[in-house]
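Each remark here refers to the structure printed beneath this line.
The model shown is predicted, which means the values in this text are computed figures rather than measured ones.
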Amino acid sequence: MSLLRKGQQWGTFACVWHIFDATWQDPFKSAHLIKKYLIGLHKPIYHPLNQCGDHVIVINSKEIALRGDHWQKRVYFHHTGYHGGATWTLAWELHSKDPTMIVKKAIYSAMDGTLQRRFTMQRLHIFPDDNVPKEMLENVSNQIKQLRPVPNRLYEIPQEERDKIPRLIQYPSDYQLK
Amino acid sequence: MSNKHLFQKFGFLRAPFGIGVGRYVCQLQRITIKFCKNHGCSLGIRSFLEHDLIDYAKQNPGVVVYVKPRRHRSPVLKAEYLNGETSWICIANFSRQDIIQWMELLKTQYHDGPALRLLKLWHTDFPSIQGPWTPFTFKNPPLNQIKFPDKKIGEALKFKPTATEELITLFEEQQEAEKFDQKIPVQKGVS
């Protein structure tokens, strides 16, 4: 194999680092998106036997948004193996203990239960906020697009722009605001 | 494909080195004909030796022809090629005509053909003119300049404006229309 061919081979199988901002994203729906990048399904050279998986950095996992009342109703089960060792943890409880765990478990369960799954998971790096180590961040060369637009909060809009928003109704002077 | 093929040589079909450069070089270097003078299964090769061998040797001065009689063994053709490979054919009970054809084949091939399992029926040194795909082909070049994470790049694709944005555009249109009305006063008293 000539030097040029070698370079082409390295280029084709180059491992790319992606970054994904989980702010206001549904972890269970974004898991199916991130999974594809971790396995390498987004590449035209994909084959289950070749090593074409990429690294994905998920930031702001603390800011995820769950659908409906999933924070109260979604339960994470764990059993220690001893009698009476079963625990059921609510999603909000788990999230307050470890803000990366829900995303991690969502992606883990989105993947097929093959022998490769644990090795694929090693290519996933989750951070509760946007403090990513510098040596990791300098590898990143692509950003995965979010699935949902992040809602714009009123307090985040500067005052000048807030004044420009048209007033639809005028409350009566004696109207009781909550 | 059965298991015995696992130890078979495999590769792609390729021309021997330098075959198309300059003159033609016969790849067959030496051919050994082993036969028996008495046995019936060597009948064909014996008639070949009588009638055709001298012509064959004259026509192919580059090929060394060995003739090796041996008692009561089946006749054999053994060809040795320039690349070091040998090809071996048992020619017991072959007719003279068959042997002429086999000799021709041994002369024209450059290696033991059937011993090589072809990985693909086609092969090219230049599978793609554009070059193989890499993760960076078809990427937008400005992505190189961006410092990740970038809020603009990462945000979800927007296919239609939100209700708030639509409301604001409606409001702006209305204001524009009011300005336009003020600029052109309506003529009064025209019937």
Side-chain angles (χ1 to χ4, degrees), chain A residues 1-2 4-5 7-26 29-30 33 37 40 42-46 52 54 57-60 127 129-132 136-152 154 157 161 164-168, chain B residues 1 6 10-12 14-15 17-18 119-120 123-181:
Chain A
M1 201 183 251
S2 70
L4 187 72
R5 283 297 189 84
Q8 282 179 343
Q9 171 88 358
W10 291 338
T12 304
F13 287 94
C15 188
V16 175
W17 286 62
H18 306 269
I19 197 163
F20 180 75
D21 190 355
T23 315
W24 276 89
Q25 301 303 306
D26 185 342
K29 285 191 175 168
S30 10
L33 177 72
Y37 288 89
H42 64 297
K43 297 182 178 184
I45 57 160
Y46 171 76
C52 57
D54 287 345
I57 299 173
V58 177
I59 56 170
N60 296 328
F127 295 96
D129 43 17
D130 54 1
N131 289 331
V132 186
M136 254 186 196
L137 206 57
E138 64 193 11
N139 292 330
V140 174
S141 59
N142 185 34
Q143 184 156 6
I144 303 172
K145 285 210 185 310
Q146 291 178 329
L147 290 176
R148 291 285 177 155
V150 178
N152 217 354
L154 188 63
I157 303 173
E161 280 186 39
K164 283 180 194 166
I165 297 174
R167 178 180 280 275
L168 285 184
Chain B
M1 201 180 81
L6 289 177
F10 57 90
F12 294 105
R14 56 178 290 274
F17 181 69
L119 286 173
K120 281 207 181 86
H123 179 66
T124 170
D125 281 339
F126 301 96
S128 165
I129 301 294
Q130 298 172 335
W133 176 89
T134 69
F136 305 102
T137 32
F138 311 128
K139 278 279 170 197
N140 201 6
L143 274 179
N144 292 327
Q145 307 286 332
I146 284 165
K147 190 179 171 293
F148 293 104
D150 187 89
K151 217 168 189 182
K152 257 287 177 46
I153 297 286
E155 72 185 6
L157 290 172
K158 216 176 193 180
F159 296 108
K160 53 185 180 183
T162 59
T164 314
E165 283 168 355
E166 233 163 68
L167 199 67
I168 289 170
T169 49
L170 274 176
F171 176 67
E172 279 169 0
E173 274 171 21
Q174 194 186 347
Q175 278 188 330
E176 285 294 311
E178 276 171 13
K179 271 186 200 168
F180 190 70
D181 286 347

### Query
Taking all non-hydrogen atoms of both residues, which atom of A:S141 and which atom of B:F136 are closest, and how far apart?
OG-CE2, 4.0 Å

## Note on the structure
Cut-off 4.5 Å, heavy atoms of chain A, and the answer for B:K139 is side chain

#### Entry: Heavy-atom proximity to chain B below 4.5 Å, by part of A:L147
backbone

### Task
Could you tell me the separation between the CD1 atom of A:I19 and the CD1 atom of A:I57, rounded to the nearest 0.5 Å?
5.0 Å

### Query
Parallel under 30°, tilted from 30 to 60°, perpendicular over 60°: which one fits the rings of A:H42 and A:H18?
perpendicular

### Query
Of the listed residues (A:Q8, A:Q143, A:K164), which shares the most heavy-atom pairs with chain B below a 4.5 Å separation?
A:Q143

### Query
Which pair of non-hydrogen atoms, one from A:G11 and one from B:P135, has the smallest distance, and what is that distance?
O-CD, 2.9 Å

#### Entry: B:F171, part contacting chain A, at a heavy-atom distance under 4.5 Å
side chain

### Message
Assess whether a salt bridge exists between A:D54 and A:K43, defined as any Lys/Arg side-chain N lying under 4.0 Å from an Asp/Glu carboxylate O.
### Response
yes

### Query
Which region of A:L137, side chain (C-beta onward) or backbone (N, CA, C, O), has a non-hydrogen atom less than 4.5 Å from a non-hydrogen atom of chain B, or is it both or neither?
side chain

### Query
Are the side chains of B:E155 and A:V150 in touch, meaning some heavy atoms are under 4.5 Å apart?
no

### Query
Where on A:N142 is there a heavy atom nearer than 4.5 Å to chain B: the side chain, the backbone, both, or neither?
both

### Message
If you count heavy-atom pairs within less than 4.5 Å of chain A, which of B:L167, B:D150, B:I168 leads?
### Response
B:D150

